[in-house]
S.K.: 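Provided herewith is a single structure, encoded as structure tokens, for subsequent inquiry.
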Amino acid sequence: MTNPVFIRTEDLIESVADALQYISYYHPIDYIEALGRAYEAEQSPAARDAIAQILTNSRMSAEGHRPICQDTGIVVAFVKVGMDVRFEDSSRSLLDMINEGVARAYTDTANTLRYSVLADPAGTRKNTRNNTPAIVYFDLVPGNTVDVKISAKGGGSEAKSKLAMLNPSDSIVDWVVKTVPTMGAGWCPPGILGIGIGGTSEKAVLMAKEALMDPINIDELIRRGANNRIEELRLEIYDKVNALGIGAQGLGGLSTVLDVKILDYPTHAANLPVGMIPNCAATRHLHFTLDGSGPAKLTPPDLSRWPKVTWAPSSDSRRVNLDTLTPEEVASWKPGERLLLNGKMLTGRDAAHKRITDMLAKGETLPVSFKNRVIYYVGPVDPVGDEAVGPAGPTTSTRMDKFTETMLNQTGLIAMVGKGERGAVAIEAIKKHKAAYLIAVGGAAYLVAKAIKRSRIVAFEDLGMEAIYEFELKDMPVTVAVDSSGESLHQSGPLEWQKKIGKIPVIST
């Protein structure tokens, strides 16, 4: 019988906290190098500009030790505990120890992380104020170590998770190729697709999630060729998804996914469960092992391996003064046009929009005027030091679609900024009211925050990061995604590049 190994409770707590701080500002080097290769190969100007912003943001975050994305995620961990391990404090559960590490990481005043976890999800949805509890999966295995794979999963990409109970005779590839376009761009491509095949419904989704933590190696696989059916699927799905032409941020381009990771498991003869989950441009995960010798030792990555890419505004960008903006000027913007926003802009996302519409329905006066204003869909990280605001990238705009008609019709709002596409209801409202929708780059939150020179809460302070802020901007980069005629870049861009790539028949609608 092997002698037990004792692991200090504090070593696990400290390792979890350190790992979550680490991944908040360091991309995995395999991801950043893959993104660099995608940048070099990209031929779409809009997609290339977006990737340049993500790469620049990544280096800034690594150097400044500030979050890559304002959505610092919900913590997901896969923990394998050796059967010969004993913990110093047997009065505490392993989950409690991990949650203490999460709380310590997210409340670290040197690098504050955003609290995004809400208790009572079907009721009050009250913020837990330290991003706990984590989502943890345990496995008891032979051995005398504790092996931890931990990630901070963004809500925008998590919202695009898919599950299908296919028939055994159905094509997995066809389902993936049909389903990925329905995910839109709110998951901030280019990223990774995790796919789980087999087991039961919940097992398939769980495998998809765990697959996202595997290293990127698709280039190596392309060079050597597939050795089994799963590798064949990876190559075929990678090729066909990129041939869809969705591209970075859904703007149209060559790189939609940087890798496709697949795990499988035996399944019932009557079933073919398939789960699919994307990882976004804020891919964040880390693997560490504890063996009783102390906390995990995390070595900072070599920043010389980051691509030598520095984003700068293009010479054809139009500067916009938000303080004097008129509906007529908004109507002059064209899809794909790059703007640099200056002046004062309001913010507001789900909770604020819900409260605004409720107030309007009751005939109440709003606490702030939206007349001829622009609203930014964002929930920023709290500032540290002399920052005006912490990382403040856009949130997924489709969640605000159902509020768009009310906002444009009853408040005088004339433009919106977010990420990803807009649905038919929102586009119809934009066209009806001659408004516009602009996108900032998801995955470039720290870069965007540098354009915010002042910030103050002007309404709904009780909503925390979902309060309404007023930002004062200096050259915040955005792209016109839906113009006043209702033309959408997220529809025209991918169709254009799908046709250029020429591997998948283009069906015009």
Side-chain angles (χ1 to χ4, degrees), residues 1-24 26 28-30 73-106 108 117 130-153 194 196-200 202-217 228 230 261-267 275 277 279 284-301:
M1 181 177 177
T2 306
N3 291 328
V5 169
F6 286 88
I7 293 179
R8 294 176 64 241
T9 299
E10 179 60 25
D11 288 346
L12 176 60
I13 294 170
E14 182 181 334
S15 298
V16 168
D18 288 349
L20 292 170
Q21 278 285 314
Y22 184 100
I23 64 176
S24 76
Y26 290 139
I29 190 64
D30 60 333
I74 185 170
V75 177
V76 180
F78 292 86
V79 183
K80 293 183 178 180
V81 183
M83 287 185 279
D84 294 319
V85 168
R86 300 292 183 272
F87 284 94
E88 171 192 63
D89 184 355
S90 60
S91 67
R92 305 180 65 185
S93 73
L94 198 53
L95 181 59
D96 285 344
M97 298 177 202
I98 291 171
N99 279 331
E100 183 170 332
V102 173
R104 188 178 297 181
Y106 278 76
D108 188 335
V117 174
N130 59 11
N131 224 56
T132 64
I135 311 300
V136 187
Y137 302 96
F138 296 104
D139 194 6
L140 195 59
V141 299
N144 55 13
T145 62
V146 175
D147 186 83
V148 180
K149 291 191 288 188
I150 197 164
S151 69
K153 189 67 166 63
I197 302 172
T200 52
E202 79 283 1
K203 178 67 173 179
V205 174
L206 189 59
M207 289 189 293
K209 179 64 64 66
E210 189 169 9
L212 290 172
M213 300 190 196
D214 287 345
I216 293 173
N217 64 352
N228 53 55
I230 291 301
K261 315 303 294 188
I262 301 177
L263 293 176
D264 70 340
Y265 197 84
T267 191
I277 305 177
N279 236 1
R284 294 167 295 212
H285 58 85
L286 187 68
H287 182 182
F288 65 85
T289 301
L290 301 180
D291 59 8
S293 62
K297 295 179 175 61
L298 306 179
T299 304

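When a residue number appears, it is its place in the shown sequence, counting from 1.
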S.K.: Suppose we screen for side chain to side chain donor-acceptor pair (under 3.5 Å). Which residues come up paired with Lys209, at least two apart in sequence or across chains?
M.R.: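 Per chain and number, Lys209 pairs via side chain to side chain donor-acceptor pair (under 3.5 Å) with Glu158.
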S.K.: How close do Lys261 and Ile216 get, heavy atom to heavy atom, and via which atoms?
M.R.: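 Residues Lys261 and Ile216, closest heavy atoms: NZ-CA, 4.3 Å.
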S.K.: Using ring pair (Phe, Tyr, Trp, His ring centres under 6.0 Å) as the criterion, list what pairs up with Tyr265, not counting sequence neighbours.
M.R.: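 Ring pair (Phe, Tyr, Trp, His ring centres under 6.0 Å) check on Tyr265 returns nothing, list empty.
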S.K.: Quick one: CZ on Arg284 to CE on Met213, what's the gap to the nearest 0.5 Å?
M.R.: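 Going from the CZ atom of Arg284 to the CE atom of Met213 covers 12.0 Å.
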S.K.: Are Asn130 and Val102 close enough, and set up right, to give a side chain to side chain contact (heavy atoms under 4.5 Å, CB included), and what steps lead you there?
M.R.: CA-CA 8 Å; Asn130 59 11; Val102 173; over 6 Å; no
S.K.: Any donor and acceptor pair, going by atom type alone, linking the side chain of Asn131 with main-chain N or O of Gly73 inside 3.5 Å?
M.R.: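 Side chain of Asn131 to backbone of Gly73, a donor-acceptor pair under 3.5 Å: yes, one is there.
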S.K.: Could you check whether any side-chain N or O of Lys80 sits under 3.5 Å from a backbone N or O of Pro142, counting only pairs where one atom can act as donor and the other as acceptor?
M.R.: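 The answer is no, because no donor-acceptor pair under 3.5 Å joins these two groups.
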S.K.: Looking at every heavy atom in both Ala204 and Gly198, which two are closest together, and how far apart are they?
M.R.: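 Closest pair (atom of Ala204, atom of Gly198, distance): CB-O, 3.6 Å.
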S.K.: Please report the closest heavy-atom contact between Gln21 and Ala105, naming both atoms and the distance.
M.R.: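 Minimum heavy-atom separation between Gln21 and Ala105: NE2-O, 2.9 Å.
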S.K.: Can you list everything that forms a side chain to side chain donor-acceptor pair (under 3.5 Å) with Ser15? Sequence neighbours excluded, please.
M.R.: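 With sequence neighbours excluded, Ser15 shows a side chain to side chain donor-acceptor pair (under 3.5 Å) to no residue whatsoever.
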S.K.: Partners of Glu10 by salt bridge (charged side-chain N to carboxylate O under 4.0 Å, His left out), sequence neighbours excluded?
M.R.: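 By the salt bridge (charged side-chain N to carboxylate O under 4.0 Å, His left out) rule, Glu10 matches Arg104.
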S.K.: Are Val117 and Thr132 packed together at the side-chain level, in the sense that at least one heavy-atom pair is separated by less than 4.5 angstrom?
M.R.: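 When only atoms from C-beta onward are counted, Thr132 and Val117 do not touch, as no gap falls below 4.5 Å.
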S.K.: Tell me every residue that passes side chain to side chain donor-acceptor pair (under 3.5 Å) with Ser293, counting only those two or more places apart in sequence or in another chain.
M.R.: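 Result, side chain to side chain donor-acceptor pair (under 3.5 Å) vs Ser293: Asp291.
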S.K.: With Ile29, which residues qualify under side chain to side chain contact (heavy atoms under 4.5 Å, CB included), at least two apart?
M.R.: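 Listed in chain order: Ile32, Glu33, Arg305, Trp306.
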S.K.: Mind checking side chain to side chain contact (heavy atoms under 4.5 Å, CB included) for Pro28 and listing every partner two or more places apart, or none if nothing turns up?
M.R.: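 With neighbours one apart ignored, the set is Asp30, Tyr31, Thr283, His285.
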S.K.: With a 3.5 Å cut-off and sequence neighbours excluded, list the donor-acceptor pairs that the side chains of residues 143-151 form with protein atoms.
M.R.:
unit_1 : atom_1 : unit_2 : atom_2 : d
Asp147 : OD1    : His287 : NE2    : 2.6
Asp147 : OD1    : Thr289 : OG1    : 3.0
Asp147 : OD2    : His287 : NE2    : 3.0
Lys149 : NZ     : Glu210 : OE2    : 3.1
Ser151 : OG     : Val76  : O      : 3.4

S.K.: Any heavy-atom pair between the side chains of Ile13 and Arg92 that's under 4.5 Å?
M.R.: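 Sidechains of Ile13 and Arg92: in contact.
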S.K.: What pairs with Phe78 under ring pair (Phe, Tyr, Trp, His ring centres under 6.0 Å), at least two apart in sequence or on another chain?
M.R.: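 Residues passing ring pair (Phe, Tyr, Trp, His ring centres under 6.0 Å) with Phe78: Tyr137.
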S.K.: Taking all heavy atoms of Pro295 and all of Glu14, pick out the closest pair and write down the distance.
M.R.: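 Minimum heavy-atom contact is CG-OE2, 3.7 Å.
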S.K.: Is there side-chain contact between Leu212 and Lys153, with heavy atoms separated by less than 4.5 Å?
M.R.: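 In short, these two side chains touch, coming nearer than 4.5 Å.
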S.K.: Taking only residues two or more places apart in sequence, or in another chain, which ones meet Tyr22 in a ring pair (Phe, Tyr, Trp, His ring centres under 6.0 Å)?
M.R.: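 Checked Tyr22 against ring pair (Phe, Tyr, Trp, His ring centres under 6.0 Å); matches are Tyr26.
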S.K.: Can you name the side chain to side chain donor-acceptor pair (under 3.5 Å) partners of Asp11, sequence neighbours left out?
M.R.: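 Residues passing side chain to side chain donor-acceptor pair (under 3.5 Å) with Asp11: Arg8.
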S.K.: Restricting to side chain to side chain contact (heavy atoms under 4.5 Å, CB included), what partner residues turn up for Phe138, sequence neighbours left out?
M.R.: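 Expected list: Val79, Leu94, Leu95, Ile98, Val136.
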S.K.: Checking side chain to side chain contact (heavy atoms under 4.5 Å, CB included) for the pair Phe87/Leu12: CA distance, chi angles, key distance, verdict?
M.R.: CA-CA 9 Å; Phe87 284 94; Leu12 176 60; 4.1 Å; yes
S.K.: To check you understand the geometry: which heavy-atom pair defines the closest contact between Ala208 and Gly275, and what is its length?
M.R.: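 Heavy atoms only, the tightest pair is CB-O, 3.6 Å.
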S.K.: CD1/Ile135 to CD1/Ile74 distance, rounded to the nearest 0.5 angstrom?
M.R.: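 Answer for the CD1-CD1 pair, Ile135 versus Ile74, is 4.5 Å.
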S.K.: Considering non-hydrogen atoms only, spot the tightest contact between Val205 and Ile277 and give its length.
M.R.: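 For Val205 and Ile277, the tightest heavy-atom pair comes out as O-CD1, 3.7 Å.
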